[in-house]
Protein chains: 2
Amino acid sequence: MTDRKLEILEIAQRLFCENGYAAASIRDIAKAANVEPASLYSHINGKEELLDRTCFMMADKFLAGIDDVNDIYFDAAQKLKMAVDTHINILTNHLDASVVFQREWRYLSDERKAEFIELRNKYEEGFRVIVQTGIDEGIFNEVDVKFATLALLSSLNWIVEWYDKDGDLAPSEIADRLYQFVLTGLKKRVSPQGVKGLM
Amino acid sequence: MTDRKLEILEIAQRLFCENGYAAASIRDIAKAANVEPASLYSHINGKEELLDRTCFMMADKFLAGIDDVNDIYFDAAQKLKMAVDTHINILTNHLDASVVFQREWRYLSDERKAEFIELRNKYEEGFRVIVQTGIDEGIFNEVDVKFATLALLSSLNWIVEWYDKDGDLAPSEIADRLYQFVLTGLKKRVSPQGVKGLM
DNA sequence: ATATTTGCCTAACGAATGTTCGTTATGACC
DNA sequence: GGTCATAACGAACATTCGTTAGGCAAATAT
């Protein structure tokens, strides 16, 4: 992918993020790129390619992240921490693209949408494996794995709704707190004995 | 609001939910209502009214729910349970409208969008009060209130992404598990002594 | 019984949509 | 110096968009 094409892709991601795929027009993208609308077609085959590339590039990133985590031998708590860290890192490093990945994938063509959903399921499965492992190891509660994983991932994903690059919370701090929250919950533990050193 | 107008509103909500506000056209809505596009304008002033009414109707519902909870005297854990129950109930009872409320509000006009955000902040504030109360009462961990509330609400809201009306999980079950998850977290408690009877 | 409102119709409007066309200026390579 | 690829251009395309105007039949109200 040429530099100019990447540049256009990132402009498109910003506009898709701000206005949504359907509401961000080719003319908007062209204007933001200081180019006539027709000129974009020297670089892309069509509007959907911009969405398609974004969604699948991000899917690849997320999948590579979870695969790395699951390939290493650690206990489930450590793996979960790594997975959360990685997820937040990708999210905050590619904020616009992540928003598109999360919100706009449904505007993909039917065939590509099906492929995308499959990849996303694979990613969720990676998290489920971690949670299930934790239960098997006896360090996690015997929760409904599918349910808990969805709750977990939703907390991770909602970050894009409020994360501020120039805010006071660094990505690593967000990851720390989120991990702590998901691990410990709200309720105070009366007897802290015996759970030390778990994380 | 006349019956027919409500009917049209609900059709619009379904299509806004399925295709997004920008991609769901007046002609689509008309077709689904078995009517010519122009006929819709006997009932509505414009497309945006359908979005506007949906967003603010739902905002009212959610706000009324949290206000009811906060007006009663219970401890924070009980209040939180009630708030979660209420939230899930509204969500599952008005699934299409809730999705629009969550995803499509940014297509409101600038002025209305500002009003909407204010209402949504008020709702979040209602949850923050509960969490803060729990900390003050000494039954919740001393978490970052703003952060924890966002994580909590994100778990609640993500439900619309996977909830199936005909699935095996009833709304009340979802609320129970979600509450349990947020309260207890993943990590196993070694010494359960002394926390009985909290919920 | 007559007047009025309601709910829908056909037809059309101007604007915006994604895209295609033929062309052109600019350099790099043989 | 001729050939080719790149990246841009202005103009136009067919289509779709939200919306308006004017009329007509049935239901409702007076």
Side-chain angles (χ1 to χ4, degrees), chain A residues 1-56 96 100 103-113 116, chain B residues 1-56 96 100 103-113 116:
Chain A
M1 185 156 53
T2 143
D3 285 359
R4 185 67 175 136
K5 181 162 181 177
L6 183 62
E7 201 179 337
I8 289 170
L9 182 59
E10 284 171 353
I11 289 172
Q13 287 166 353
R14 204 190 73 231
L15 291 174
F16 290 167
C17 171
E18 287 173 3
N19 309 327
Y21 175 74
S25 72
I26 284 286
R27 283 169 175 82
D28 292 337
I29 298 170
K31 181 167 283 183
N34 284 316
V35 137
E36 293 301 312
S39 307
L40 290 179
Y41 289 82
S42 301
H43 304 275
I44 61 171
N45 294 322
K47 188 185 178 186
E48 199 191 324
E49 184 190 339
L50 294 167
L51 176 64
D52 192 283
R53 288 193 107 91
T54 301
C55 289
F56 283 87
D96 290 340
V100 175
R103 290 194 198 138
E104 311 293 335
W105 57 268
R106 59 199 166 113
Y107 297 106
L108 290 168
S109 70
D110 285 347
E111 316 91 48
R112 293 294 276 169
K113 185 164 34 176
F116 177 85
Chain B
M1 184 157 52
T2 140
D3 285 358
R4 185 69 175 135
K5 181 162 181 177
L6 183 62
E7 200 179 340
I8 289 170
L9 182 60
E10 284 171 354
I11 289 172
Q13 287 166 354
R14 203 189 75 230
L15 291 174
F16 290 168
C17 172
E18 287 172 2
N19 310 326
Y21 175 73
S25 72
I26 284 285
R27 284 171 175 80
D28 292 337
I29 298 170
K31 181 166 285 182
N34 285 317
V35 136
E36 292 301 313
S39 304
L40 290 179
Y41 288 82
S42 301
H43 304 274
I44 61 172
N45 294 324
K47 187 185 178 186
E48 199 191 324
E49 185 190 339
L50 294 167
L51 176 64
D52 192 283
R53 287 193 109 91
T54 301
C55 289
F56 283 88
D96 290 339
V100 175
R103 290 195 197 137
E104 310 295 334
W105 57 268
R106 59 200 167 111
Y107 297 106
L108 290 168
S109 71
D110 285 348
E111 315 92 48
R112 293 294 276 170
K113 183 162 37 177
F116 177 85

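Here C:dT17 presents its P atom at 10 Å from NZ of A:Lys31, a figure rounded to the nearest Å. The interatomic distance linking B:Ile29 (CD1) with C:dC8 (P) rounds to 15 Å, in whole Å. In this structure, the NZ atom of B:Lys47 is 17 Å from the C1' atom of D:dT20, given to the nearest Å. Between the OH atom of A:Tyr41 and the C1' atom of C:dT17 there is a distance of 10 Å, given to the nearest Å. Distance, B:Glu49 CD to D:dG18 C1': 14 Å, rounded to whole Å. In this structure, A:Leu50 atom CG and C:dG18 atom C1' are separated by 12 Å, rounded to whole Å.
Between B:Val100 and B:Cys55, the closest heavy-atom pair is O-SG, 4.3 Å. The minimum heavy-atom distance linking B:Leu51 with B:Phe16 is given by the pair N-CE1, 3.9 Å. When every heavy atom of A:Ile11 is checked against every heavy atom of A:Ile29, the shortest pair comes out as CG2-O, 4.0 Å.
Between A:Asp28 and A:Asn45, the residue anchored closer to the 5' end of DNA chain C is A:Asp28, taking for each the nucleotide with the nearest heavy atom.
Put simply, the side chain of B:Asp52 never gets that close to the backbone of B:Glu49: no donor and acceptor are under 3.5 Å apart. Listed for the A:Glu104 side chain is a donor-acceptor partner under 3.5 Å among the backbone atoms of A:Tyr21.
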Review item, nucleotides 23-29 of chain D N/O atoms under 3.5 Å of protein N/O:
none

Protein heavy-atom contacts under 4.0 Å, written 5' to 3' over nucleotides 7-12 of chain D as B (base), S (sugar-phosphate only) or - (none), form the string BBBBBB
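A salt bridge between A:Glu10 and A:Arg14 is absent, with no side-chain N of the basic residue lying under 4.0 Å from a carboxylate O of the acidic one.
At the heavy-atom level, A:Ala24 lies under 4.0 Å from the strands shown only through sugar-phosphate atoms.
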